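Since the structure is predicted, the reported quantities are computational estimates derived from the model, not experimental observations. Residue numbers begin at 1 in each chain, while the letters A, B, ... track the order of the sequences.
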Amino acid sequence: MTDICGDFRRLVIAALEDLIGEGALPRELPLSRVAVEPSREAAHGELSTNAAMVLAGPLRQNPMALAERIAGALRGRELETGDYRGRGFWVAAVRPGFINIRLAPEAWHAQLRAILAMGTHFGDSDLGGGERANIEFVSANPTGPMHVGHGRGAAFGDALAALLEKAGFAVTREYYINDAGAQVDALARSVHWRYREALGERVGAIPEGLYPGEYLVETGEAMARRDGRKWFGRPEEAWLAPVKDFAIAEMMALIRADLEALGIRHDLFVSERELIDSGAVEESLAALEKGGLIYTGVLEPPKGKPPPEDWEPRPQTLFRAARFGDDLDRPLRKSDGSWTYFAVDIANHREKFRRGFNNLIDVWGADHGGYVKRMQAVVSALSDGKATLDVKLIQLVHLFDKGQPVRMSKRAGTFVTLREVVEEVGKDVFRFIMLTRRNDQTLDFDFAKVTEQSKDNPVFYVQYAHARAASVMRHALEAFPLEALSDEALAGAPLERLTDPSELALLRPLALWPRVVESAAQAHEPHRIAFFLQEVAAEFHTLWTKGKEEATLRFILASDRELTLARLALVRGLALVVASGLAVIGVEPVEEM
RNA sequence: GUCCCCGUAGCUCAGCCGGAUAGAGCAACAGUUUCCUAAACUGUGGGUCGCAGGUUCGAGUCCUGUCGGGGACGCCA
């Protein structure tokens, strides 16, 4: 293992078991709450454990006295991992009952050696144990090109997928195509309109309720090229289905290209229409019916401000969502007899579970928040509680340019597509910026700021750290032309020469990378990776600058080959961890800028 | 009316499973450039964690209430 906190947690547990073995502590202690964490304050050592604090209660003992005893037991132990064997650490019980741990520098050096040995695989975890996880994300309606909000969901979902992969899950990236219902019918009508236009008919302005976007002009023309006048002047019943098929295929190609521009590829595309046609919806509802979870009833009118004018109490088919924590039972059929979106989505989620996934994650726009409880209710009901669904809601992106809001209106034709943004700023900038806020926080995206080459721009700042590291390595080759500077060779460098506090200040966060991966994966929060990278980059820039002020701290010292090698090892360690983090976010590390 | 999210420094935001004196960037102020990329760095000031209760040895974090902002509430997806 390379997770230093995990290693020390095992040590603490072993010490506690020693005390239990000696009869000094009773069996059946709630050890699960014992944690080892990096200290926030340097004065508190480097790691600390709450062991005495959490056990004092159940044991009805004074936490400080207990901390002393545990600290004593810790002093008598040696870490079992080879990496630390024979290397010192100091423990101290302190004030309310924390136990602080300070490591000999050699322990940190061992972590650097691990980074160099594992490369960008440093930080990989077996947290997931190979278990399968399904992430459904983007799932934009196939009615037009993606917009920036979809892009945020895409960047988030793909990063979360990569994060879970790094944490040891077998991940499937799913796209659920909403290719049934009124919206794709409107799409088909819009394309038919453009098709008539392409065939030379004077159609005038496109009617209300259809999609006015220019992008459909081309689709109409393509339709005309493929089918000629086949659907011209025919009634809608004749052309709706084939035009719809054509239009959806075109739109999905468009969306896939948008995703491709972001470097995102889904493993699985699930079609809403196919779920309906295959009878999967009936099957799913039959399964619920069996559990007595479906009935016919009348719902109260919605309590919203404007009571819907066409509202009438009507018996409908309902799922007992309220039994599973939802606020209301939920309808499955529309008044025309067709399935509600919810009914088909039940089948969608049942299929995920049937494909063998117990870890389900959906990434939705924040405006779908009202839908979360019912979907979780379904997953709980259908899997008998075995599967869990986590829904990540993505807040809006507000576009700015030099501080001025970019006003978007489909009607005025000032709508900015995802593609335009990505072409303007690049996919790396886009993907990184999308993770500089939590998913449930709105995000301001300023074209001027995100492309600015300054420390105020987090993408640049992190990229620059990687490029700067590469630059140091190039210079090192000039200074020591014959040296082998491979990672393998650097792992053999005399790392014990890294003793300066500012060097250790960089080394410590690098060593904590595996822990960041695990906690971010557990919380399903990829933004933590972006924040971590900014911290690490800051630490590196600080160290670099110290070298400017104090020549002895420079990475390359022609007079001291050994120290140079040790410092180059640190520089490479930084570059590898940054590259590893950027890989999760889907950003290419650059060698120079 | 009900449900969900948010409220932390002047601004934009982090804050892990409840833990020690609540952090970062920007802005403000004071500095650093013959030197591995100054495209950067160092330091200072700045807080009733919306408010009020509660649980706990301990609350920004959990619970209840309340105020403010956003979103959602059968036949849109």
Side-chain angles (χ1 to χ4, degrees), chain A residues 32-33 35 37-41 43-44 48 50 53-54 56-57 62-63 94-98 100 139-141 143 176 178 180-184 272 298-305 308 310-314 316 318 326-328 330-331 333-338 340-342 344-345 365-373 393 395-396 436-438 440-444 452-458 460-461 464 467-468 471-476 478-479 515-516 518-520 522-523 525 527-528 531 534-535 538 541-551 554-557 571 592-593:
Chain A
S32 64
R33 290 187 58 205
E37 299 182 317
S39 302
R40 288 182 190 174
E41 303 273 335
H44 298 147
S48 72
N50 60 358
M53 297 297 274
V54 299
N62 177 302
V94 91
R95 269 180 275 168
F98 291 102
N100 294 333
S139 301
N141 291 338
T143 54
Y176 180 55
N178 304 139
Q183 297 192 6
V184 282
E272 183 182 1
V298 181
L299 281 180
E300 299 270 309
K303 294 269 176 33
K305 298 279 186 228
D310 60 341
W311 169 268
E312 51 184 270
R314 183 173 68 78
Q316 41 189 350
L318 301 171
D326 197 0
D327 309 300
L328 297 169
R330 302 294 178 176
R333 269 188 204 278
K334 301 178 193 172
S335 52
D336 68 356
S338 66
T340 58
Y341 181 79
F342 176 52
V344 191
D345 215 5
D367 55 339
H368 291 61
Y371 199 79
V372 173
K373 283 187 183 177
L393 298 176
Q395 264 295 356
L396 298 174
T436 54
R437 291 286 179 273
R438 292 176 56 96
D440 49 15
Q441 198 78 244
T442 58
L443 184 151
D444 292 345
E452 189 176 278
Q453 302 214 326
S454 81
K455 60 166 297 205
D456 306 346
N457 179 350
F460 171 80
Y461 192 68
Y464 186 38
R468 193 170 241 181
S471 164
V472 171
M473 296 308 292
R474 288 191 294 269
H475 281 276
E478 290 168 22
R515 181 186 159 76
V516 172
E518 287 198 355
S519 66
Q522 240 155 357
E525 291 185 350
H527 74 275
R528 293 191 197 182
F531 281 89
Q534 292 178 67
E535 284 170 30
H541 288 310
T542 300
L543 181 57
W544 193 92
T545 305
K546 284 210 168 138
K548 291 189 94 59
E549 290 160 359
E550 209 179 322
R554 294 165 65 98
F555 297 123
I556 300 166
L557 297 170
V571 170
E592 49 191 325
M593 309 192 70

- Query: Considering residues, nucleotides and ligands other than A:Arg33, do more than 12 of their heavy atoms fall under 6.0 Å from its CZ?
  - Reply: no

message: Suppose we call a contact any N or O donor and acceptor under 3.5 Å apart; does that hold for the side chain of A:Asn100 and the base of B:rA20?
response: yes

Which protein N or O atoms sit under 3.5 Å from an N or O of nucleotides 61-66 of chain B?
none

Writing each nucleotide of RNA chain B 5' to 3' as (, ), [, ], | or . by Watson-Crick or G-U pairing under 3.5 Å yields (((((((..((((.....[...)))).(((((.......))))).....(((((..]....))))))))))))....

Side chain to side chain contact (heavy atoms under 4.5 Å, CB included) for A:Gln441 and A:Gln395? Distances and angles first, verdict last.
CA-CA 6 Å; A:Gln441 198 78 244; A:Gln395 264 295 356; 5.7 Å; no

Could you walk me through whether A:Asp336 and A:Ser338 satisfy the side-chain hydrogen bond (donor to acceptor under 3.5 Å, both in side chains) test, starting with their C-alpha distance in whole Å, then the side-chain angles of each, then the deciding distance to 0.1 Å, before giving a yes or no? CA-CA 6 Å; A:Asp336 68 356; A:Ser338 66; 2.7 Å; yes

Step by step, would you call A:Asn457 with A:Glu452 a side-chain hydrogen bond (donor to acceptor under 3.5 Å, both in side chains)?
CA-CA 6 Å; A:Asn457 179 350; A:Glu452 189 176 278; over 6 Å; no

Please write out each protein N/O paired with an N/O of nucleotides 12-16 of chain B under 3.5 Å, distance rounded to 0.1 Å.
residue	atom	partner	partner atom	Å
B:rU12	O2'	A:Arg437	NH2	2.3
B:rC13	O5'	A:Arg437	NE	3.1
B:rA14	OP1	A:Arg438	N	2.9
B:rA14	OP2	A:Gln441	NE2	3.2
B:rG15	OP1	A:His527	NE2	3.2
B:rG15	OP2	A:Arg438	NH1	3.3

A:Asn141 CG to B:rC76 C1', in whole Å, measures 9 Å

### A:Tyr371 side-chain N/O to B:rC5 phosphate OP1/OP2 under 4.0 Å
no

Here the distance between atom C1' of B:rC4 and atom CG of A:Asp326, to the nearest Å, is 11 Å

Closest heavy-atom pair, A:Arg437 versus A:Phe531, reported as atoms and distance to 0.1 Å, is N-CE1, 4.5 Å

When you compare B:rU33 with B:rA28, how far apart are their C1' atoms, in angstrom units rounded to a whole number? 23 Å

### Query
Using atom P of each nucleotide, how far apart are B:rG60 and B:rC51 to the nearest Å?
11 Å

Closest heavy-atom pair, A:Leu328 versus A:Arg330, reported as atoms and distance to 0.1 Å, is O-NE, 3.6 Å

- Query: Counting N and O atoms only, with roles assigned by atom type, does the side chain of A:Thr143 sit under 3.5 Å from a partner on the main chain of A:Val184, one being a donor and the other an acceptor?
  - Reply: no

Sticking with atom C1', work out how far B:rC63 lies from B:rG69, rounded to a whole angstrom. 23 Å

Problem - Pair A:Gln183-A:Asn141, side-chain donor/acceptor within less than 3.5 Å - result: yes

Taking B:rG74, B:rA77, B:rA20 as options, the one with an atom nearest any side-chain atom of A:Glu272 is B:rA77

Considering only heavy side-chain atoms of A:Phe98, the closest of B:rC41, B:rC73, B:rA20 is B:rA20

- request: Using a 4.0 Å heavy-atom cut-off across all strands, classify A:Ala551 as base, sugar-phosphate, or nothing.
  value: nothing

Against the side chain of A:His475, the closest entry in B:rC36, B:rA20, B:rG19 is B:rC36

If you look at every strand shown and take non-hydrogen atoms under 4.0 Å, does A:Pro96 touch a base, only sugar-phosphate, or nothing?
-> nothing

Backbone N/O of A:Tyr176 and side chain of A:Ser139: donor-acceptor pair under 3.5 Å
yes

Shortest non-hydrogen pair, A:Pro458 vs A:Thr436, comes out as CG-CG2, 4.0 Å

The nucleotide from B:rC26, B:rC36, B:rC3 with an atom nearest the side chain of A:Asp327 is B:rC3

Separation of B:rC11 atom C1' from A:Asp456 atom CG, nearest Å, is 13 Å

**OP:** Give one of base, sugar-phosphate or nothing for A:Ser471, where a contact means two heavy atoms less than 4.0 Å apart.
**Re:** base

Which part of the nucleic acid, if any, lies within contact of A:Val94, taking any heavy atom under 4.0 Å across all strands shown: a base, the sugar-phosphate backbone alone, or nothing?
base

Against the side chain of A:Gln183, the closest entry in B:rU37, B:rC73, B:rC76 is B:rC76

request  = Classify the nucleic acid contact of A:Gly369 as base, sugar-phosphate or nothing, counting any heavy atom under 4.0 Å across all strands shown.
outcome  = nothing

Original post:
Is any N or O donor-acceptor pair between the side chain of A:Ser39 and the base of B:rA20 shorter than 3.5 Å?
Top reply: no

Rounded to whole Å, the CD-C1' distance (A:Glu550 to B:rU42) equals 13 Å

Check this for me: does the side-chain of A:His368 come within 3.5 Å of the base of B:rA72 through a donor and an acceptor? no

*asked:* For a quick check of understanding: with a heavy-atom distance under 4.0 Å over all strands, which category does A:Ala182 fall into, base, sugar-phosphate or nothing?
replied: sugar-phosphate

- Task: Could you check whether A:Gly181 gets within reach of a base, just the sugar-phosphate, or nothing at all, counting any heavy atom under 4.0 Å?
- Result: sugar-phosphate

Checking B:rA39, B:rA20, B:rG74 against the side chain of A:Tyr464 (C-beta onward), the nearest is B:rA39

Residues A:Gln316 and A:Pro331: closest non-hydrogen pair is OE1-CB, 3.7 Å

Taken to the nearest whole Å, NZ/A:Lys548 to C1'/B:rA39 is 12 Å

Using a cutoff of under 3.5 Å, can you pull out all pairs of nitrogen or oxygen atoms linking the protein to nucleotides 29-31 of chain B, with atom names and distances?
none

For A:Tyr371 and A:Tyr341, take the angle between the two ring planes, folded into 0 to 90°, and tell me which bin it lands in: parallel under 30, tilted 30 to 60, perpendicular over 60. tilted

On RNA chain B, more 5' by nearest nucleotide between A:Arg330 and A:Ala467 is A:Ala467

side-chain hydrogen bond (donor to acceptor under 3.5 Å, both in side chains) filter on A:Arg468, not counting sequence neighbours, yields A:Tyr464, A:His541

Just so I know, are the side chains of A:Ser335 and A:Arg314 near enough to count as touching, which here means a heavy-atom distance under 4.5 Å?
yes

Side-chain contact check for A:Asp367: nearest option of B:rA72, B:rG74, B:rC73 is B:rA72

query: So, are A:Glu549 and A:Lys546 salt-bridged, with charged N and O less than 4.0 Å apart?
result: no

Whole-Å distance, A:Met53 CE to B:rC17 P, equals 18 Å

For B:rC75, does the base pair up with any side-chain atom of A:Ser335 as donor and acceptor (N or O, under 3.5 Å, distance only)?
yes

Sorted by chain and residue number, the salt bridge (Lys or Arg N to Asp or Glu O under 4.0 Å) partners of A:Lys373 (sequence neighbours excluded) come out as A:Asp327

Atom CG of A:Leu396 and atom C1' of B:rG69 are separated, to the nearest Å, by 13 Å

For A:His44 and B:rA20, is the gap between ring centres under 5.5 Å while the planes differ by less than 30°? yes

Mind checking A:Lys546 for me? I need base, sugar-phosphate or nothing, with any heavy atom below 4.0 Å counting as a touch. nothing

Separation of B:rA38 atom C1' from A:Tyr461 atom OH, nearest Å, is 13 Å

For A:Arg515, is there any backbone N or O sitting under 3.5 Å from a side-chain donor or acceptor partner on A:Ser519? yes

